[in-house]
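Not measured: the values here are computed from a predicted model. Because only heavy atoms are used, hydrogens play no part in the values below, and waters and symmetry mates are left out as well, while side chains stay in. The residues of the chain are indexed from 1 along the displayed sequence. One-based numbering, in listed order, for ligands and for the atoms of each.
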Amino acid sequence: MKNFMYHIPTKIHFGRGAISNLPDSIKEYGNKVLLVYGGGSIKKLGIYDEAVKLMNENGIEFIELSGVEPNPRVETADRGAKLCKEHNVEVVLAIGGGSTMDCAKAIAAGANYDGTIWDFVSGKSKIGKVLPIITIVTLAATGSEMDTSAIITKWETNEKAGLTGPNLRPKVSILDPEYTFSVSKYQTAAGTADIISHVLEVYFNNNPGAFLQSKFCEAVLKTCFKYGHIAYKEPKNYEARANLLWSASWAINGLCTKGAPVGWSVHSMEHELSAYYDITHGVGLAILVPHWLRHMLRKENAYKYAEFGINVLGIDSTLDEMDIANKAIDALSKYLKEMDLPSTLTEVGIDETYFDIMAEKAGKGLANAFIPMNKDDVLAILKASL
Ligand code: NZQ
Ligand code: ZN
């Protein structure tokens, strides 16, 4: 196990009615809020009205930025940062899924900066003072509510990448599983695939001594495999929604990775797909993950696949390791397909047109992946996914 520092100061209010903690949470950090949300689902669901009522009753002033896109654009975040400066905003409140939360985090970083937020992504500038961020989560998927990253898109140059910093971790996140009852089957499936990918990408690492982290991963994976299908079939099943929501947070808040570092592979590839085709993040991952696993499989590392197959999927442990490995990948594909997720790039309208450039970009940072990968590996995985 490698050395590490672990510090997750996000306060979580979890459960039915958790929004009642909103006013006190805001007041701890200020009284002027920028409320950030997406295409309007929070209005249909009544969450908007509830949040506004609580802020009004408690004398909290707020202005709004609505219309955050899935795969949020840097221009939207820059607009939010401008509003913060014009109105002396003290707290940024996101209500929505990962896109809204990420946009809010980017805004909070840009609120005390004169240039575009993209400068933090490109490395032109370092993140300085960040406004306090509070989130109310409506979709179990990204874990943005408890992590240090915000992923944004610069559509004109087909770039999708992240800004990261300890102060991007929300101060408070409010997680009410009932707020996720209305998530569509499609987004429920995509969100589950996202959580599974977050865990698998770090579960397959080269730190066999980090036994505990591996067991944490298996627990989160088992939870997703158990409850993903239930939530998909019974959207108002509280137990399923609650377990998925909490899994999403723990998948990516450091619990699974601290002491067992490894380069993220599938996310690098998927961000290229989204950057060129604007597809749903979790759908891209669902297509790529089985092919990524298949591409990396060797006799020498089959033991890790066997662990996954036996401990998470319940495959017969007396079988040969390679056999278990292949069965595990097949079982994962089947599981995702049973939620009607696409299994090929062709199904989502992606062909080879940009494969070369996407592989060039994604292949750059994968030297410390489970199996060191380069552009050719990414190309092979993309082609196998067609
Ligand atoms: O726009 P609204 O009205 O909010 O509707 C959204 C959107 O259309 C809808 N939705 C959300 N909650 C709902 C709901 N519809 C009905 N009922 C609800 N309760 O779902 C659609 C998708 O929302 P979005 O926020 O885009 O989904 P998700 O949470 O999957 O976020 C995806 C974004 O997060 C990034 C992805 O790359 C992508 O841009 N990621 C962020 C990460 C991070 N910060 O650490 C890590 C992830 O790996 C990921 O890259
Ligand atoms: Zn993800």
Side-chain angles (χ1 to χ4, degrees), residues 10 35-48 65-74 76-77 94-106 109 121 133 135-155 159-165 168-170 173 175-202 224 231 235-236 241 244-245 248-249 251-254 257 264-275 278-286 288-289:
T10 304
L35 165 57
V36 182
Y37 58 99
S41 60
I42 66 159
K43 287 200 166 168
K44 278 189 228 137
L45 300 170
I47 306 171
Y48 173 89
L65 176 79
S66 61
V68 174
E69 314 83 356
N71 297 325
R73 306 296 196 255
V74 65
T76 310
I95 309 184
S99 296
T100 295
M101 290 190 275
D102 283 4
C103 187
K105 288 160 101 175
V121 178
I133 301 152
T135 75
I136 300 179
V137 187
T138 64
L139 203 167
T142 63
S144 185
E145 65 273 11
M146 227 174 159
D147 80 9
T148 54
S149 297
I151 313 291
I152 55 173
T153 294
K154 194 174 185 184
W155 185 247
E159 288 173 275
K160 179 176 179 182
L163 53 154
T164 300
L168 291 191
R169 215 188 279 279
S173 284
L175 280 65
D176 183 339
E178 288 193 348
Y179 287 175
T180 68
F181 282 0
S182 55
V183 174
S184 65
K185 278 181 182 292
Y186 178 78
Q187 291 291 346
T188 299
T192 304
D194 191 17
I195 309 169
I196 289 174
S197 185
H198 290 163
V199 180
L200 282 180
E201 285 181 66
V202 299
C224 290
K236 295 193 174 169
R241 293 295 194 184
L244 282 178
L245 192 54
S249 305
I252 198 170
N253 70 7
T257 46
W264 285 62
S265 310
V266 191
H267 271 64
S268 309
M269 294 183 249
E270 196 297 310
H271 287 166
E272 293 305 322
L273 300 181
S274 301
D278 206 18
I279 62 166
T280 299
H281 174 63
V283 170
L285 296 169
L288 294 173
V289 166

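- Taking every non-hydrogen atom of Y179 and a distance limit under 4.0 Å, the qualifying atoms of ligand 1 come out as 19 (N).
- With a 4.0 Å cut-off on non-hydrogen atoms, M101 does not touch ligand 1 at all.
- Excluding water, every protein N/O/S atom under 2.8 Å from the Zn ion (ligand 2) is given here by residue and atom: D194 OD1, H198 NE2, H267 NE2, H281 NE2.
- Taken to the nearest 0.5 Å, the OG1 atom of T138 stands 13.5 Å off from the CZ atom of F181.
- Given atom 23 (O) of ligand 1, the protein heavy atom at minimum distance is L139 CD1, 3.7 Å.
- The D194 neighbourhood of ligand 1 comprises atoms 48 (O), with distances under 4.0 Å to a heavy atom of that residue.
- Note: S197 OG to W264 CH2 = 7.0 Å, rounded to the nearest 0.5 Å.
- Distances shorter than 4.0 angstrom do not occur between any heavy atom of I47 and any atom of ligand 1.
- Closest approach of S144 and M101 over heavy atoms only: OG-CB, 3.7 Å.
- Looking at ligand 1, you won't find any N or O of S184 less than 3.5 Å from one of its N or O atoms.
- Within ligand 1, counting atoms from 1 as listed, the ones closer than 4.0 Å to a heavy atom of H271 are 37 (O), 50 (O).
- The nearest heavy-atom contact from the protein to atom 21 (C) of ligand 1 is Q187 NE2, 3.6 Å.
- At distances below 3.5 Å, not a single donor-acceptor pair connects side-chain atoms of S274 with backbone N or O atoms of H271.
- Side chain of E159 to backbone of K154: no donor-acceptor contact under 3.5 angstrom is found.
- Of all the atoms in ligand 1, the ones that sit under 4.0 Å from a non-hydrogen atom of P72 are 39 (O).
- Between H281 and ligand 1, a contact under 3.5 Å exists for at least one N or O pair.
- Ligand 1 is approached by H198 to a heavy-atom distance shorter than 4.0 Å.
- Distances between N or O atoms of S182 and those of ligand 1 include at least one value under 3.5 Å.
- Atom CG of residue D102 and atom OG1 of residue T135 lie 10.5 Å apart, to the nearest 0.5 angstrom.
- The side-chain contact (heavy atoms from CB on, under 4.5 Å) test with H281 singles out one residue from L285, V283, I279, and that residue is L285.
- Not a single N or O atom of G38, backbone or side chain, sits closer than 3.5 Å to an N or O atom of ligand 1.
- Atom CG of L163 and atom CD1 of I152 lie 5.5 Å apart (nearest 0.5 Å).
- Legend: residues meeting side-chain hydrogen bond (donor to acceptor under 3.5 Å, both in side chains) with T188, ordered by chain and number and at least two apart, are R241.
- Scanning all heavy atoms of the two residues, the minimum distance from S99 to P70 falls at OG-CA, 3.3 Å.
- For G39, a nitrogen or oxygen atom sits less than 3.5 Å from a nitrogen or oxygen atom of ligand 1, counting backbone and side chain alike.
- Contact atoms of ligand 1 toward S144: 44 (N) (distance under 4.0 Å to a heavy atom of the residue).
- Across all their heavy atoms, A190 and T280 have their closest contact at CB-CG2, 3.9 Å.
- E270 places no side-chain N or O within 3.5 Å of a backbone atom of L288 that could act as its donor or acceptor partner.
- With rounding to the nearest 0.5 angstrom, the OG1 atom of T192 is 10.5 Å from the CD atom of Q187.
- At least one N/O-N/O distance between G98 and ligand 1 falls below 3.5 Å.
- Using a 4.0 angstrom heavy-atom cutoff, K160 counts as in contact with ligand 1.
- Counting only N and O atoms by type, the side chains of T148 and T164 include no donor and acceptor under 3.5 Å apart.
- Of the candidates T138, T180, T142, V137, it is T142 that places a heavy atom closest to atom 40 (N) of ligand 1.
- For ligand 1 and G40, the ligand atoms under 4.0 Å from any heavy atom of the residue are 3 (O).
- Of the protein's heavy atoms, D102 OD2, 3.5 Å lies nearest to atom 35 (C) of ligand 1.
- Note on ligand 1: S149 sits in its first shell, one or more heavy atoms being nearer than 4.0 Å.
- Using a 4.0 Å cutoff on heavy atoms, G282 does not count as a contact of ligand 1.
- Using a non-hydrogen distance threshold of 4.0 Å, K44 does not register as a contact of ligand 1.
- Taking atom 7 (C) of ligand 1 as the reference point, the nearest protein heavy-atom neighbour is P70 CG, 4.2 Å.
- Contact annotation: for L45 versus ligand 1, heavy atoms closer than 4.0 Å belong to the side chain alone.
- A distance-only check finds no donor-acceptor pair linking the side chain of K105 to the backbone of P170 [under 3.5 Å].
- Taking each heavy atom of E145 and S173 in turn, the nearest pair found is O-OG, 2.7 Å.
- In terms of protein heavy atoms, atom 5 (O) of ligand 1 is closest to S41 OG, 3.5 Å.
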Would you check, one step at a time, whether the test side-chain contact (heavy atoms from CB on, under 4.5 Å) holds for D194 with T142?
CA-CA 7 Å; D194 191 17; T142 63; 3.7 Å; yes
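- Of the heavy atoms in V183, both backbone and side-chain atoms come closer than 4.0 Å to ligand 1.
- Here the closest heavy-atom approach between residue V137 and residue Y179 is recorded as O-CB, 4.1 Å.
- Against a heavy-atom cut-off of under 4.0 Å, N71 is close to the following atoms of ligand 1: 38 (C), 39 (O).
- Nearest non-hydrogen protein atom to atom 26 (O) of ligand 1 is S99 OG, 2.5 Å.
- Within the model, atoms CG of L35 and OG of S66 stand 9.0 Å from one another, a figure rounded to the nearest 0.5 Å.
- Neither the backbone nor the side chain of Y37 comes within 4.0 Å of ligand 1, counting heavy atoms alone.
- Between S274 and ligand 1 there is no heavy-atom distance shorter than 4.0 Å.
- The side-chain tip of K43 points at the ring of Y48 from less than 6.0 angstrom away and within 45° of straight on.
- Looking only at heavy atoms of the protein, atom 45 (O) of ligand 1 is closest to D147 OD2, 2.4 Å.
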